[in-house]
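Values below: all heavy atoms of this structure, side chains included; hydrogens, waters and symmetry mates excluded. None of the values given here were measured: they were computed from a predicted structure. If you read the sequence from its start, that first residue is 1, and numbering goes on from there.
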Amino acid sequence: MNTSHFFVTGDPMIYGADVSIVLAVVAIVVSLTYLKKWGWLWREWLTTVDHKKIGIMYLLAALLMLFRGGVDAILMRLQLAVPNNRFLASDHYNEIFTTHGVIMILFMAMPFMFALFNIVVPLQIGARDVAYPLLNAVSFWLFFIGAMLFNISFVIGGSPSSGWLSYPPLSEKMFSPGPGQNFWIWGIQISGIGSLATGINFVVTILKMRAPSMRLRDMPLFTWSVLSSSIAILGAFPILTVALIMLTIDRLLGGHFFTITAGGNPMMYINLIWMWGHPEVYIVVLPAFGVFSEVVATFSKKRIFGYASMVYSMIAIAVVSYYTWVHHFFTMGAGVDVNIVFAICTMIIAIPTGVKVFNWLFTMYRGRVTISQPMLWMVAFVPCFLVGGATGVMLAAAPADYQYHNSYFLIAHFHQVLIGGVVFGYLAGMYYWFPKIFGFELNETLGRWGFWLWQIGFYVCFMPQYALGFMGMTRRLYTYNQSAGWDMGWAPLNFISSIGAFLMGIAFIIQVWQILYSIKYGKRDVTGDAWNGRTLEWSIPSPAPLYNFAIIPEVKGRDAWWYKKEEMRQEGYKEETPKYEPIHMPKNSGIPFIMSSLFFIAGFGFTFEWYWMGFAGLIGVAVTLFVRSFQYDTDYYIQADEVERTEKALRNPTSI
């Protein structure tokens with residue numbers, strides 16, 4: 001067992017991180033012990049299979065990872081703010097941009113997306129739970145364990161440094177011999193299994209668990225976006241799994257899938273990783289489109305314009321996204337014919353996206369638009385994504401891409417789309433469904449401060465990077481000399497860009513303060529319908545009870561809750577006395593948490609090539625599966641009288 005260089009040393013920032021981690025762990029342990037909350041933590045959270053609580057845990061993890069990835073971004077911008085900066089060494093800079101990309105895409109955007117999946121979809125389709133509650137808990141804990149395994153690399157073993165997609169040969173053992181690259185492989189592999197399981201779960205949930213009266217053409221657009229994204233997950237993530245297995249064989253078993261000197265082909269890896277990677281971009285942005293569709297309809301007080309075209313465009317995006325991956329390496333000699341085909345496909349995918357933008361604008365046209373916090377993010381998205389789409393079409397043109405490729409123009413475009421589309425979208429979703437999740441609204445004033453600092457910081461940060469790309473500044477550049485800085489004009493633009501990054505960081509801090517402030521002072525939602533919503537989640541109390549719906553709702557068409565409210569306002573309407581029945585629910589289980597902890601042991605062991613630990617962890621996983629297969633007492637019934645008492649307490653709190 002080789003334990004040399006186990007802990008990362010020699011960098012003051014790492015020592016600061018060590019101290020912070022120790023203090024945070026001690027504070028958590030002491031607090032839980034003092035408040036006697038260990039049992040509560042186990043019963044209510046670590047063993048829960050309630051989709052709403054799992055969604056909350058995804059949300060907290062996503063915000064934590066947004067902070068971690070944001071710190072990486074600020075460190076990079078500090079390094080590039082002035083010429084000849086020695087704030088970061090080149091190796092440390094490589095590690096930071098590698099971890100920044102992985103964290104933001106796989107450990108921030110994906111859990112943020114899955115948070116909204118879990119919190120919203122069952123409520124929108126009139127279901128009491130997801131199709132596979134236990135698998136849902138397994139999915140979360142595999143994601144979380146994978147994220148933790150990846151994140152500890154910066155204090156134990158060392159972070160990966162071969163880029164967020166880890167192209168060979170740099171990611172092969174000859175050039176990345178330490179455990180850092182193994183952390184990358186096992187962290188992503190374990191969390192990827194959870195993501196694939198989530199995709200399966202929500203496809204089945206949407207197709208089989210809808211209220212019996214809800215047809216596919218009655219589903220809310222957010223649910224359609226989740227279905228499209230989940231189907232894309234089923235096609236994309238197995239490709240990632242295979243690519244990582246092949247890279248693992250190369251590194252740990254002496255294989256040569258990608259070793260060119262031994263007959264391998266690194267271009268095979270690049271094709272595989274982008275066959276997953278580009279659909280992944282649309283996997284995370286499609287649910288954001290669904291969020292915007294819900295927000296714009298609610299705050300325009302109109303049905304969404306062009307419902308059918310919105311559905312077809314989402315399906316088209318999910319399908320065409322699989323025929324665009326080669327535009328990531330137009331310059332690698334695939335040939336004119338191949339480049340033409342993928343250039344055309346990349347341009348075509350802009351059409352269904354444009355359809356959506358026009359439909360949102362037509363929905364607002366002559367609507368009674370209310371500029372609430374969620375609507376602010378929706379309105380901000382439109383010009384941002386238009387710029388991102390236009391620059392994307394520029395990159396899709398193969399001859400032009402020969403000039404833009406690997407330049408800061410690409411960096412600016414990528415962030416324009418991912419922040420403007422994904423982050424803005426999920427923040428809009430968080431603000432929109434926050435009252436439904438927690439029962440109170442977020443403070444409006446602090447929210448607007450955070451919003452405007454995000455917007456100003458975003459454009460100050462990334463608009464200069466388009467110009468830097470035209471000026472010849474390339475990606476992955478950790479420093480530049482005085483000549484490039486001042487004679488070529490790089491220094492002023494980099495300094496301005498760094499200011500923008502700090503403004504976005506301040507905006508995030510304000511949003512965290514907004515949440516903490518609103519916990520005590522936020523406006524409580526006693527109606528269950530904080531925004532005068534249109535879909536079924538607004539028909540039940542906030543927060544939703546364990547069973548979601550005491551009586552499965554009857555859906556008579558699109559915007560079911562909006563038209564139910566119209567019916568209730570009609571003269572002579574008389575609500576029927578509800579007849580409650582026992583509700584079947586799954587029991588909590590410790591199996592997902594224990595299984596995922598054993599996956600962590602396996603991943604940690606294989607990362608350091610301690611095979612005894614790796615195989616011991618996998619054997620433990622097999623044992624948990626075996627034990628689960630013999631568990632038969634896995635569900636229970638909430639009796640009708642308990643349902644009745646709960647409904648009365650939630651809907652008439654003043655009468656209790």
Side-chain angles (χ1 to χ4, degrees), residues 2 91 94-95 97-99 101-102 105-106 146 149-150 153 157-193 196 235-281 322-339 341-342 398 401-402 405-406 474-476 602-603 605-611 614-615 618:
N2 181 13
D91 288 345
N94 290 345
E95 292 173 356
F97 79 66
T98 298
T99 57
V102 174
I105 296 295
L106 289 166
L149 182 64
F150 180 85
S153 65
S159 296
S161 60
S162 55
W164 78 280
L165 290 178
S166 293
Y167 287 177
L170 188 56
S171 58
E172 294 278 338
K173 199 159 188 175
M174 178 183 294
F175 298 102
S176 297
Q181 191 58 42
N182 295 338
F183 272 118
W184 184 92
I185 290 172
W186 289 103
I188 293 176
Q189 189 73 285
I190 292 170
S191 66
I193 296 170
L196 181 59
F237 272 80
I239 302 172
L240 175 65
T241 300
V242 169
L244 294 183
I245 289 172
M246 295 166 75
L247 188 58
T248 302
I249 291 172
D250 274 15
R251 287 185 58 83
L252 301 187
L253 302 179
H256 297 293
F257 286 111
F258 311 125
T259 311
I260 197 166
T261 56
N265 186 355
M267 275 303 300
M268 178 166 61
Y269 176 89
I270 295 172
N271 274 280
L272 286 171
I273 204 70
W274 280 117
M275 287 171 69
W276 161 79
H278 206 81
E280 165 67 4
V281 173
Y322 283 95
Y323 301 94
T324 62
W325 84 86
V326 174
H327 72 232
H328 288 277
F329 42 93
F330 278 151
T331 62
M332 293 191 183
V336 174
D337 294 340
V338 171
N339 284 359
V341 169
F342 283 90
D401 188 64
Y402 272 74
H405 189 76
N406 270 349
T474 58
R475 301 164 66 189
R476 307 181 182 94
F606 287 125
T607 292
F608 284 93
E609 300 182 36
W610 301 340
Y611 294 109
F615 285 112
L618 291 182

Next item on the list: Not counting sequence neighbours, which residues clear ring pair (Phe, Tyr, Trp, His ring centres under 6.0 Å) with His405? List them please.
Entry: none

Checklist line | Name of the residue among Ser171, Ser162, Ser176, Ser159 meeting side-chain hydrogen bond (donor to acceptor under 3.5 Å, both in side chains) with Gln181 | finding: Ser162

Note to self: Test your reading of the model: is there a side-chain donor-acceptor pair from Asp250 to the backbone of Phe257, 3.5 Å cut-off?
What the structure shows: yes

Notebook entry, point to check: What's the verdict on side-chain contact (heavy atoms from CB on, under 4.5 Å) for Met332 and Val326, showing C-alpha distance, side-chain angles and the deciding distance?
Noted result: CA-CA 10 Å; Met332 293 191 183; Val326 174; over 6 Å; no

Margin query: Is any side-chain heavy atom of Leu252 closer than 4.5 Å to one of Asn182?
Written below: yes

Check: If you take all heavy atoms of Leu244 and Trp184, which pair is closest and at what distance?
Finding: CD2-CZ3, 3.2 Å

Check: Within a strict 4.5 Å, meaning less than it, do heavy atoms of the Asn406 and Arg476 side chains meet?
Finding: yes

Margin query: To check you understand the geometry: which heavy-atom pair defines the closest contact between Arg251 and Ile185, and what is its length?
Written below: CD-CD1, 3.6 Å

Check: So which heavy atom on Ala236 is nearest to which on Tyr322, and how close?
Finding: N-OH, 3.0 Å

Note to self: Rounded at 0.5 Å granularity, tell me how far CD1 in Ile190 sits from CZ in Phe150.
What the structure shows: 13.0 Å

Note to self: Is it the case that over 12 heavy atoms from other parts of the model lie below 6.0 angstrom from the CD1 atom of Ile260?
What the structure shows: no

Checklist line | Heavy-atom neighbours of Tyr323 OH exceed 12 at 6.0 Å | finding: no

Check: Under a 4.5 Å cut-off applied to non-hydrogen side-chain atoms, are Leu240 and Glu280 in contact?
Finding: no

Next item on the list: Compare all side-chain heavy atoms of Pro168 with those of Thr259 and state whether any distance is below 4.5 angstrom.
Entry: no

Check: With distance as the sole test, does Trp274 use its side chain to make a donor-acceptor pair with the main-chain N or O of Thr324 at under 3.5 Å?
Finding: no

Notebook entry, point to check: What is the ring orientation for Phe342 with Trp325, classed by angle as parallel under 30°, tilted 30 to 60°, or perpendicular over 60°?
Noted result: perpendicular

Check: Got a second to check how far Ile188's CD1 is from Ile105's CD1, nearest 0.5 Å?
Finding: 11.0 Å

Check: Could you give the distance from CG (Asn339) to OH (Tyr402), rounded to the nearest 0.5 Å?
Finding: 5.5 Å

Note to self: Which heavy atom of Thr99 sits nearest to which heavy atom of Pro160, and what is that distance?
What the structure shows: CG2-CD, 4.4 Å

Check: Is Met174 atom CE crowded by more than 12 heavy atoms from other residues, nucleotides or ligands, each under 6.0 Å away?
Finding: no

Using residues 262-270 as the side-chain source, report each donor-acceptor pair under 3.5 Å to any protein atom, sequence neighbours left out, with the distance given to one decimal.
residue : atom : partner : partner atom : Å
Asn265  : OD1  : Met267  : N            : 2.9
Tyr269  : OH   : Leu165  : O            : 2.7
Tyr269  : OH   : Ser166  : O            : 3.4

Next item on the list: Any pair with a residue in residues 172-184 that passes salt bridge (Lys or Arg N to Asp or Glu O under 4.0 Å), sequence neighbours left out, goes on the list, sorted by first then second residue, please.
Entry: Lys173-Glu609

Next item on the list: Indicate yes or no: at least one non-hydrogen side-chain atom of Trp276 is less than 4.5 angstrom from one of Thr241.
Entry: no

Checklist line | Rounded distance [0.5 Å steps], CG in Leu149 versus OG1 in Thr607 | finding: 5.0 Å

Note to self: How long is the straight-line distance from CG of Leu618 back to CZ of Phe606, given to the nearest 0.5 Å?
What the structure shows: 4.5 Å

Notebook entry, point to check: Measuring from Phe237:CZ to Ser191:OG, what's the distance to the nearest 0.5 Å?
Noted result: 7.5 Å

